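Everything on this sheet refers to the single structure shown next.
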Amino acid sequence: MDAEMRELSYAQAIQEAMAIAMEADERVLLMGEDIGVYGGAFQVTGDLVERFGVDRVMDTPISELGGAGVAVGAAMTGLRPIFEFQFSDFATLALEQIVNQAAKMRFMLGGEVSVPVVMRFPAGSGTGAAAQHSQSLEAWLGHVPGLKVIQPATPYDAKGMLLAAIADPDPVMIFEHKLLYKMKGPVPEGHYTVPIGKADVRREGSDLTVVATSIMVHKSLEAAQALQAEGIDIEVIDLRTVRPMDKRTIIESVKKTSRLLCVYEAVKTLGVGAEVSAMIAESEAFDFLDAPIVRLGGAEIPIPYNPDLERATVPQVPDIVAAARDLVRGAR
Amino acid sequence: MDAEMRELSYAQAIQEAMAIAMEADERVLLMGEDIGVYGGAFQVTGDLVERFGVDRVMDTPISELGGAGVAVGAAMTGLRPIFEFQFSDFATLALEQIVNQAAKMRFMLGGEVSVPVVMRFPAGSGTGAAAQHSQSLEAWLGHVPGLKVIQPATPYDAKGMLLAAIADPDPVMIFEHKLLYKMKGPVPEGHYTVPIGKADVRREGSDLTVVATSIMVHKSLEAAQALQAEGIDIEVIDLRTVRPMDKRTIIESVKKTSRLLCVYEAVKTLGVGAEVSAMIAESEAFDFLDAPIVRLGGAEIPIPYNPDLERATVPQVPDIVAAARDLVRGAR
Amino acid sequence: MARKAVLEKAAPTNLPFAYRHYDAGQLREVLRKMYLIRRFEEGAEDCYMRGLIHGTMHLSIGQEASAMGICMPLAEDDQITSTHRGHGHCIAKGAEVRKMFAEFFGKTTGYCKGRGGSMHIADVAKGNLGANGIVAGGIPIAVGAALSAKRLKTGKVVVSFFGDGANNEGAFHEALNMASIWKLPVVFVCENNGYGMSTSTARSTAVRNIADRAAAYSMPGVIVNGNSFTEVAEAAHAAIERARTGEGPTLIESKTYRYRGHSKSDRNRYRSKEEIEDWMSNRDPITLFEAELKEFGIIDDSGIEAVREAVRQEITEAIEFAKASPAPDIGDLQNYVYTELA
Amino acid sequence: MARKAVLEKAAPTNLPFAYRHYDAGQLREVLRKMYLIRRFEEGAEDCYMRGLIHGTMHLSIGQEASAMGICMPLAEDDQITSTHRGHGHCIAKGAEVRKMFAEFFGKTTGYCKGRGGSMHIADVAKGNLGANGIVAGGIPIAVGAALSAKRLKTGKVVVSFFGDGANNEGAFHEALNMASIWKLPVVFVCENNGYGMSTSTARSTAVRNIADRAAAYSMPGVIVNGNSFTEVAEAAHAAIERARTGEGPTLIESKTYRYRGHSKSDRNRYRSKEEIEDWMSNRDPITLFEAELKEFGIIDDSGIEAVREAVRQEITEAIEFAKASPAPDIGDLQNYVYTELA
Ligand SMILES: Cc1ncc(C[n+]2csc(CCOP(=O)(O)OP(=O)(O)O)c2C)c(N)n1
Ligand SMILES: Cc1ncc(C[n+]2csc(CCOP(=O)(O)OP(=O)(O)O)c2C)c(N)n1
Ligand SMILES: [Mg+2]
Ligand SMILES: [Mg+2]
């Protein structure tokens, strides 16, 4: 860690990125419910309202569709809004503006406008908030051309990818796993970007490629660590961007390891891992495969309230260990 | 075709299903924008209002979220509403009620209620209605436990699956391709059901399995016909149900043909074909595969207005022919 | 009965609505339930602090008169939709606190068998169609339930509870409009506690009173002191009658206050200690109700003590029941997603 | 100029707003544009019938005074958001009809390079942020543009056009509320043509006038005869001034009528021939405006004929331009999805 690195939490890293962007560019402003004096449902905006005032840290009424639409209109006309949803589940109210307007506007208008809006979605389970406050909906937005969709897994990436998103001329959707907010990690001071559209090989290995997203990156790294003792050597790729997907990095890895396991929290069916799997199955890496492509995703149920059920709903380290072991040992 | 079979259009078949259900059960009622005297944007409800009156064929205000919510509430309390969206694109306004409420209600309440609502979504491109009126969003809903999601491809299935949907105690989402509405086919008189969750082998073949959805079933059958002349023998499976998916039928077919091509109109990335591909790649059929699994899906763009561009955006018969030929000939 | 006689001797027209309309036994039961709500929430809060309950919760302490005033005039099979701040509505509509605690503890004996938690408690048998985690999510559902009542001619009335923050959601607008044009038997109850999370109505809402928006749907808009049981009950009674007789919906704005933070993550930086203190000392709904009951001779101090003691007992037992109840089996994870077919 | 002198001799206070406020040249230009809108749509309809244009289209024939009355008081760099029935707004805000026809023909010379078609025509350079295929979809976007105007201090005012049907969408409610609490420079213009597709306002909307809903957002609600250019312009002028001086939004309800069916699939079974006939014969906005112009001596019959001829010419040339323009290259299918980085 070099001199300018400090340990920051994921939430602090996001906050710092927003502060840097707001400092540098008058057009950047924050919108969302209770992001002002409350500091945001997850304290991500924190005290920014004190630094930048209520005109740039705007509490919106509880109006997700209208609020998102205001952000879209503002982005089309010169501002650079960052819109926070309190929970990604409430995106269900705003998809009209996100998908029909923000994503398609440039195309429908033949390239005459850009929509540089950033939307932030606290996502995922693990907080006991039950079925309407725990969903992982990144696959929906990953299905939509015109959007860019990212899932940073570390404080470093959260800051760098958010700064890249703010600089991006097109709409960028950021899914932030709530359980990551308090996770700490090294974060450089000042401005830097982490490119959208590049996966990251978090750990090199030769026996199996694990492509994981968001919090599952950490669980997969833990699993890899555990399997090391058994002599199983796992490569862990942090997908980081759902759309556009970094196919090359994954393909090269699978060509090397000949095995692929996709790990994600969202409902397994039609989750991001389905795309990763299908992409590999139609790529040149297909011929290198020595085993079926396995996906570990969320159970096919809404997220339950009871903590034991909740945990059982999404992949945990032992599940990853078992699936990886089976794949490498040829039990599958 | 037996005595009671007539040729009906897909739209007429749906209308007939609704009429039969309404005749048989007072609790069945229709809701939607301009479904009364206008007959529906695609003339699917037609003159039903004259037969059943405005209390059972209810024109709603232009309020998709509220309207869907009313249907959900009515379904929870004794009615059996069939809610028509004018275009599936407007589902973006109502996903809160569909996904957070209808889909999860039974689970969240520990099994204390059922939500027997049916929602109908005219979907797909080909009418020159451009990016906000041409989307195929079935993959989104296919990602949601608690929903059943179907895409009937023929008048026969449209009627039979709709009748199954109305009888189903849980929320069923029906995606109807607009270009199918005028397609004619044999439809039995009276009540019959086609089960939700069963794919249909529309054509048997030995060289390649094509899994197609909705209008792509017909294009795939046409392609199969064309390839017959080249001595290529294709099996075409009509997926029919996105959720719950009929894995067994597809797996058995691929074990037989050793090759899989998925054909669907929605944006390729994270479309239904991604799930079919991934499902096969992790199944026992993996070991039978002689070629990569190929997907033909929509281009990664919003649907353009210009008719030539519009056609080029989604798979057409020659694309299917070429992809199938390449797969069977080993060019891939 | 003796007390009722006393009441009848007093000049009836001068008596507030509740004291004309309900007998002493009923009024004492209202007091008991107001205590039950408060002690239930205090108990839940305590269990949460002690780490026995996970997730979050939204307490309605300070709003008990509103829940009771609205639910008292409802018939047993009338229905309600509730909110994230719904424990009061749930108890007022007849729920058993032990099954509520069991739900908080994530147990199979809970109202949702441990799947829903605080934000999804429902009691369909008693007409509570459920709390809701989505602000304004229950409003269209209530309209749908009212549509069922009308079409199926059940005679039921449906009440939709929601907060001041919810009135800026599109769902509010769409639902009230439909209820009005179709003249459905539904009563919209906005419990205005001054804030949607940290955002005051002045900062979020373009009208002074939420009830002022009723005119945009051609329905009566009524403002009541939400901390006065009798005021709330009187307005609810009228609105429910109106709904039941086919005259359509009413919007009631019940002005009240929550003492606790929005949820367990609230730093209370958007309001002053003085403001909270003022409501607690001078406008507490239970204190006000007790004073009235005593004034009209319906209960005395020892009677109140007995109520409190009974409630204390019931809460203690309910928590014990919840603790002792079995947790769900992990093997049942997939249950209740779809309706099990016979 | 001579005509202006004539006007000035008349008692100015008795003159309707437009005739006090605009000079004769401007007023003749308004007439020309009203004709341009109508002939544009007639031309588009004709091309559609002859199979030259695909998809569908929504014609605003009969509503020309509303589009012109609202846009006339706008400055060139003021902005609008429009609707599926947006050709009139587009032309009124300064668009070139040849680029509009080219878009209908799906050509690269069209406003959207053939990607958008009728429902997505925009002219960002002239301040038209776009038609919209989603009912009420443009309303929050307009509020966002007004937020930009306020924060970036551009002095711009934004007008959001929408129909009566749109007023029942949640987006309407949420957007008007936000515009009001933030006092944004935006004018909401509801063009009430009596129907959302087949559904009359009486059957869809719980208030008699859409403008009655303005009170729910503490903003002025103004009703005007949408077929009278001067009435519309007067209300628009006041609302735009109010917005520009920082006093916040206004809701204008412009009562008008569409002669054609909703879109090309309409069987017109929800209204009577007599009703349509009545509007066409007795309240046509162009006929009314011409009569006023003649009454005030601003134009005579030969002048009107010249306007018509010029418009006819422009339309013919525009269609030729569209026909002769190149179609997009299939190889460019992927363009414009993301912003091309330099
Ligand atoms: C659609 C939606 N947006 C935001 C939230 C987060 N949230 C939960 S409660 C709440 C405040 C609600 O305020 P109000 O309606 O006044 O109810 P109160 O909490 O005051 O009882 C917010 C913003 C949510 N649950 N749902
Ligand atoms: C969200 C949405 N719902 C439904 C439609 C289909 N639709 C297009 S125009 C229209 C009627 C709109 O009525 P109004 O707002 O009065 O405008 P008008 O057509 O009368 O100009 C409808 C229902 C749509 N485009 N968008
Ligand atoms: Mg509140
Ligand atoms: Mg209209």
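None of these values were measured; they are calculated from a predicted model. FYI, side chains are in, hydrogens and waters are out, and symmetry mates aren't considered; it's all heavy atoms of this structure. Chain letters run A, B, ... following the sequence lines, proteins first, then strands; residues in each count from 1.
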Problem - Heavy-atom side-chain contact between Lys113(C) and Glu112(B) under 4.5 Å - result: yes

Handout entry: Engaged part of Glu26(B) at the chain C interface, taking heavy atoms whose separation is under 4.5 Å
Key = neither

Problem - Residues Arg115(C), Arg106(B); criterion side chain to side chain contact (heavy atoms under 4.5 Å, CB included); working and verdict - result: CA-CA 10 Å; Arg115(C) 271 67 176 178; Arg106(B) 180 172 180 75; over 6 Å; no

Practice task
Could you tell me whether the side chain of Met178(C) reaches within less than 4.5 Å of the side chain of Ser63(B), counting heavy atoms only?
Solution key: yes

Exercise for the section: Could you check if a side-chain atom of Asn177(C) sits within less than 4.5 angstrom of a side-chain atom of Pro61(B), using non-hydrogen atoms only? Expected result: yes

Problem - Asn100(B) versus chain C, the contacting section by heavy-atom distance below 4.5 Å - result: side chain

Problem - Expected output: side-chain Thr339(C) to main-chain Asp170(B) donor-acceptor under 3.5 Å - result: no

Practice task
Could you walk me through whether Trp182(C) and Met58(B) pass the side chain to side chain contact (heavy atoms under 4.5 Å, CB included) test, one step at a time?
Solution key: CA-CA 10 Å; Trp182(C) 296 330; Met58(B) 294 176 69; 3.6 Å; yes

Problem - Lys247(B) atom NZ, over 12 foreign heavy atoms within 6.0 Å - result: no

Handout entry: Gap separating the CD atom of Glu169(C) from the CG atom of Leu65(B), nearest 0.5 angstrom
Key = 8.0 Å

Exercise for the section: Measure Val337(C) against the heavy atoms of chain B and call it side chain, backbone, both or neither at under 4.5 Å. Expected result: both

Completion exercise
Residues Ser148(C) and Gly78(B): closest non-hydrogen pair is OG-N, 4.2 Å

Practice task
Work out which heavy atom in Glu174(C) is nearest to a heavy atom in Gly67(B); give both atom names and the distance.
Solution key: OE1-N, 4.5 Å

Completion exercise
When the 4.5 angstrom heavy-atom criterion is applied to Asn132(C) and chain B, the contacting part is side chain

Exercise for the section: Please state whether the side chain, the backbone, both or neither of Leu93(B) comes within less than 4.5 Å of a heavy atom of chain C. Expected result: neither

Fill in the blank from the handout: Highest number of heavy-atom pairs under 4.5 Å with chain B among Ala145(C), Ala149(C), Gly116(C), Ala175(C) belongs to Ala145(C)

Exercise for the section: Quick one: do Met108(B) and Met119(C) satisfy side chain to side chain contact (heavy atoms under 4.5 Å, CB included)? Show the steps, please. Expected result: CA-CA 9 Å; Met108(B) 294 187 302; Met119(C) 260 187 299; over 6 Å; no

Exercise for the section: Answer whether the closest heavy-atom distance between the side chains of Met105(B) and Ile141(C) falls below 4.5 Å. Expected result: yes

Practice task
To the nearest 0.5 Å, tell me how far Leu152(C) CG sits from Leu79(B) CG.
Solution key: 4.5 Å

Exercise for the section: Would you check if Tyr338(C) and Pro171(B) make a side-chain contact, meaning some heavy-atom pair closer than 4.5 Å? Expected result: no

Handout entry: Structural part of Leu147(C) lying under 4.5 Å from a heavy atom of chain B
Key = both

Practice task
With a 4.5 Å cut-off on heavy-atom pairs, point out which of His173(C), Lys150(C), Arg151(C), Gln79(C) contacts chain B the most.
Solution key: Arg151(C)

Handout entry: Proximity breakdown for Leu184(C) and chain B, heavy-atom pairs closer than 4.5 Å
Key = neither

Exercise for the section: Please report the closest heavy-atom contact between Gly137(C) and Glu96(B), naming both atoms and the distance. Expected result: CA-OE1, 4.0 Å

Exercise for the section: For each of Val113(B), Val72(B), Val70(B), tally heavy-atom pairs with chain C at distances under 4.5 Å, and name the one with the top tally. Expected result: Val70(B)

